[in-house]
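Okay, so here's the structure we're looking at.
The sequence lines fix the lettering, A, B, ..., with proteins before strands; numbering per chain opens at 1.
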Amino acid sequence: MTDSGLNNTLEPKDYRVRMAPSPTGSPHVGLVRTALFNWAFARHHGGTFVFRIEDTDKARNTEESYDGLIDLMRWLKLDWDEGVEVGGPYGPYRQSERSDIYADALARLRASSHVYECYCTGEETTARYEERLAAYKAAKAEGIKGEAPAQGYDNYCRDLSEDQIKAYEAEGRTSVPRFRMPDGSITFNDLVRGEVTFETKHVPDYALARANGDPLYTLTAPVDDATMNITHVFRGEDLLSSTPRQIALFDAFVEVGLAERAPEFGHLPYVMGQGNKKLSKRDPEAHALKYREAGFLPEGLLNYVALLGWAIAADRDIFTMEEMVEAFEIHDVVKNPARFDVKKAEAINASHMRLLPVEEITHRVIPYLKADGVVSDPVSDPDAQMLEQAMPLVAERINKLGEAPDMLRFLFVPEADFALDEEDAAKLLDEAGLEVVQASYDALNGLSTWSTAEIQDALTAALIDGLELKPRKAYGPVRVAVTGKRISPPLFESMELLGRERTLGRLKAVLGK
RNA sequence: GCCCCCGUCGUCUAGCGGCCUAGGACGUCGCCCUCUCACGGCGGUAACGCCGGUUCAAAUCCGGUCGGGGGUACCA
């Protein structure tokens, strides 16, 4: 048994965690959760959060994806103390720039007894498995009980003689370095799951590099964690079963002087999509940056994502990142996978919206208004004034920043471009509706003062008292005529903001005059 | 096949042997507020996978079983 425990002289301020994504495709919400928990752990303990990039797979990495990762982390304000873009004492922080380090590590390992050369081809390995399987089945048919053969590499080249090696080399075969798993079992204390034990006979010897010399993930990640002095590794549960081989590797590192000890591990449960499938890049809700596009607040997304496997208290869902940092303990992380629920994410986001003062929401909504061409870029003075007055009306009725443009557009469009929603117009501006609009026009036209209160009084007198309409019936057509839609900010306030000229103009336009 | 992980309302979770006729949140349903929408308020709905065991007492501990997931690569 191997003990992976840290020596207990380690102080919380010395804790070093990392997140190490591969820059392939657009960043995933599962990655946000992993980043958040690592970050919260580091901040809670006063440790260090490292951001490293695992870009050894040249074929799949893109610079665009890398930019997306940086963009995402900055938007979320998950700041890192060391890593790409900011540097640090253990750089470089991109694996593609660390070839020398891996070559050196591999050379040391090869000089030890922990690594041997394997000359097998993949076909040979599977062929041997088929053979074992056939033999097992044959024996079973005859009633002989035995252990079913394991799939995967069978440690065939473990103890090759000098002659055999020479023969293979003479054949012109290439070889890969394989790590020799020790006998016995490996037990480690997973910080979220508790004690986990693997019998090493179930863990085949594994390749550390390709035949062409390129190091594999099995080597690079542990080497980086060792050389960057990472003390705790929190990652997805898909890596749980590769942990024993990494711990064994770390033991070899210690022997060859690459590490002082293995880090502690904690395996975070999956973030799932619909059904029982891990949220994949194919699912639209998987893409983290989409939430920014939709107008999520970073603190809203983060709060929701934190809830996927962690709870701050039994009766509380809404909290700030400061509060999370204060309360976060890795031991409290739940073991079972969580489904990502967009509806709840939106609700949590809405709660955060309500926590913000109007001025802040205004500030944050501007990029969305610009993107949709609702306000000028840069924002003109009149636009800024209008916004300042209009935002109190809409701030509490939107759940995402991205909902603001549609709600505000009617206040900003030039009259020439103002258009009615066809469906709403067809529904509400029928004969009866136009009568209402006519009555409204007449009532408002004579107004001496243009204020919310005056407007409301005039319309109430004309429509509710005069035409004896239900408020619902009365204001619907007017709303469509003035704002273009059935759904809008409060009508009387909107009219005041729009001004007498534009309001009356729109009413008249509907009446066809 | 073999190894490992996981199993409380539809969903996310609280629960660490008695505080549980299982709490909160989202969803959903009903009501109230209301010029639309949204907000807000009130109320309802709904769960310990199953079987054994330990115990005076089990959602909580143990065993089994079923179900789900991951691994078993010269992918990460």
Could you pull out all residues at least two apart from Tyr93(A) that satisfy ring-ring contact (aromatic ring centres under 6.0 Å, His included)? none
Can you tell me, in whole Å, how much space there is between the C1' of G68(B) and that of G44(B)? 32 Å
Give the rounded distance in Å between these two atoms: CG of Leu491(A) and P of U34(B). 17 Å
Base, backbone or nothing for each nucleotide of nucleotides 5-27 of chain B, written B, S, -, heavy atoms under 4.0 angstrom, 5' to 3'? SSSS--SBSS--------BSBSS
If pairing means Watson-Crick or G-U wobble with both distances under 3.5 Å, then the partner of C2(B) is G71(B)
Output side-chain donor-acceptor pairs under 3.5 Å for residues 23-37 of chain A, partner residues at least two apart or in another chain, one line each.
from     : atom 1 : to        : atom 2 : distance (Å)
Ser26(A) : OG     : His287(A) : ND1    : 2.3
His28(A) : ND1    : Gly30(A)  : N      : 2.9
His28(A) : NE2    : Leu279(A) : O      : 2.6
Arg33(A) : NH1    : Leu308(A) : O      : 2.7
Arg33(A) : NH2    : Pro269(A) : O      : 2.2
Thr34(A) : OG1    : Gly30(A)  : O      : 3.1

Looking across every strand, which nucleic acid part, if any, lies under 4.0 Å from Pro490(A) by heavy atom: base, sugar-phosphate, or nothing? base
Contact list for residues 304-315 of chain A, test salt bridge (Lys or Arg N to Asp or Glu O under 4.0 Å), sequence neighbours left out: none
Just checking, any donor-acceptor pair under 3.5 angstrom between side chains of Thr227(A) and Arg98(A)? yes
Taking only the P atom of each, what is the distance from A25(B) to G43(B) in whole angstrom? 11 Å
Provide the Watson-Crick or G-U wobble partner of G18(B), both distances under 3.5 Å; none if there is no partner. C56(B)
Short heteroatom pairs, N/O only, protein and nucleotides 58-61 of chain B, under 3.5 Å:
none

Hits for ring-ring contact (aromatic ring centres under 6.0 Å, His included) against Phe492(A), two or more places apart or cross-chain, chain-then-number order -> Tyr475(A)
Roughly how many Å is it from NZ in Lys473(A) to C1' in U34(B), rounded to a whole number? 17 Å
Where do N or O atoms of nucleotides 38-40 of chain B meet protein N or O atoms at under 3.5 Å, pair by pair?
from   : atom 1 : to        : atom 2 : distance (Å)
A38(B) : O2'    : Glu396(A) : O      : 3.4
A38(B) : O2'    : Arg397(A) : O      : 3.3
G40(B) : OP1    : Arg354(A) : NH1    : 3.4

Suppose you measure atom P in G27(B) against the same atom in U72(B); what distance do you get, rounded to whole Å? 40 Å
Is a salt bridge present between Glu323(A) and Arg316(A), judged by a nitrogen-to-oxygen distance below 4.0 Å? yes
Using the 3.5 Å cut-off, write out each protein N or O paired with an N or O of nucleotides 41-46 of chain B and the distance between them.
none

Are Trp310(A) and Phe234(A) close enough that their ring centers fall under 6.0 Å? no
Output the rounded distance in Å from CZ (Arg472(A)) to C1' (U36(B)). 7 Å
Paired nucleotide for C42(B) [Watson-Crick or G-U wobble; both distances under 3.5 Å]: G30(B)
P gap between U8(B) and G15(B), integer Å: 14 Å
Lys344(A)/Asp317(A) salt bridge by N-O under 4.0 Å criterion: yes
When the C1' atoms of G49(B) and C29(B) are compared, how many Å lie between them, rounded to an integer? 27 Å
Looking just at side-chain N and O atoms, do Asn61(A) and Arg94(A) make a donor-acceptor pair shorter than 3.5 Å? no
In whole Å, measure the gap between the P atoms of C20(B) and C3(B) for me. 42 Å
Ser242(A) side chain to Leu239(A) main-chain N or O, any donor-acceptor pair under 3.5 Å? yes
Integer angstrom distance from the P of C33(B) to that of C42(B): 15 Å
Between Glu493(A) (CD) and C37(B) (C1'), how many Å, whole number? 14 Å
Taking any strand in view, what nucleotide pairs with G7(B) in a Watson-Crick or G-U wobble way, both distances under 3.5 Å? C66(B)
Residue mapping more 5' on RNA chain B - nearest nucleotide basis, Phe198(A) or Arg486(A): Phe198(A)
Qualifying residue, where the test is side-chain hydrogen bond (donor to acceptor under 3.5 Å, both in side chains) with His267(A) and the options are Arg193(A), Arg235(A), Glu237(A): Arg235(A)
Between protein and nucleic acid, restricted to nucleotides 71-76 of chain B and to nitrogen or oxygen atoms under 3.5 Å apart, what atom pairs and distances do you find?
from   : atom 1 : to        : atom 2 : distance (Å)
G71(B) : O4'    : Ser241(A) : OG     : 3.2
G71(B) : O2'    : Ser241(A) : OG     : 3.4
U72(B) : O2'    : Gln151(A) : O      : 2.8
A73(B) : OP2    : Gly152(A) : N      : 3.4
A73(B) : OP2    : Tyr153(A) : N      : 3.2
C74(B) : OP2    : Arg178(A) : NH2    : 3.1
C74(B) : O2     : Ala211(A) : N      : 3.0
C75(B) : OP2    : Arg210(A) : NE     : 3.1
C75(B) : OP2    : Arg210(A) : NH2    : 3.0
A76(B) : OP2    : Tyr217(A) : N      : 3.0
A76(B) : O3'    : Ser22(A)  : OG     : 3.1
A76(B) : N6     : Arg245(A) : NH2    : 3.2

Taking salt bridge (Lys or Arg N to Asp or Glu O under 4.0 Å) as the cut-off, I'd like each qualifying pair that reaches into residues 468-488 of chain A, sequence neighbours left out, listed once. Asp424(A)-Arg486(A)
Measure from NZ or CZ of Arg245(A) to the centre of the six-membered ring of Phe179(A), then state whether that distance is under 6.0 Å and the direction lies within 45° of the axis. no
Set of ring-ring contact (aromatic ring centres under 6.0 Å, His included) partners for Tyr168(A), sequence neighbours left out: Tyr119(A)
Interatomic distance, Glu496(A) CD vs C35(B) P [rounded to whole Å]: 18 Å
Would you check if the distance from the ring center of Tyr116(A) to the ring center of Tyr156(A) is below 6.0 Å? no
Give a yes or no on this: more than 12 heavy atoms of other residues, nucleotides or ligands lie within 6.0 Å of atom CD of Glu63(A). yes
Can a side-chain donor-acceptor contact be found between Tyr102(A) and Asp224(A) if the only test is distance below 3.5 angstrom? yes
Excluding sequence neighbours, so at least two apart, what forms side-chain contact (heavy atoms from CB on, under 4.5 Å) with Glu346(A)? Phe296(A), Val342(A), Lys400(A)
What interatomic distance, in whole Å, is found between C1' of A47(B) and the corresponding atom of U21(B)? 15 Å
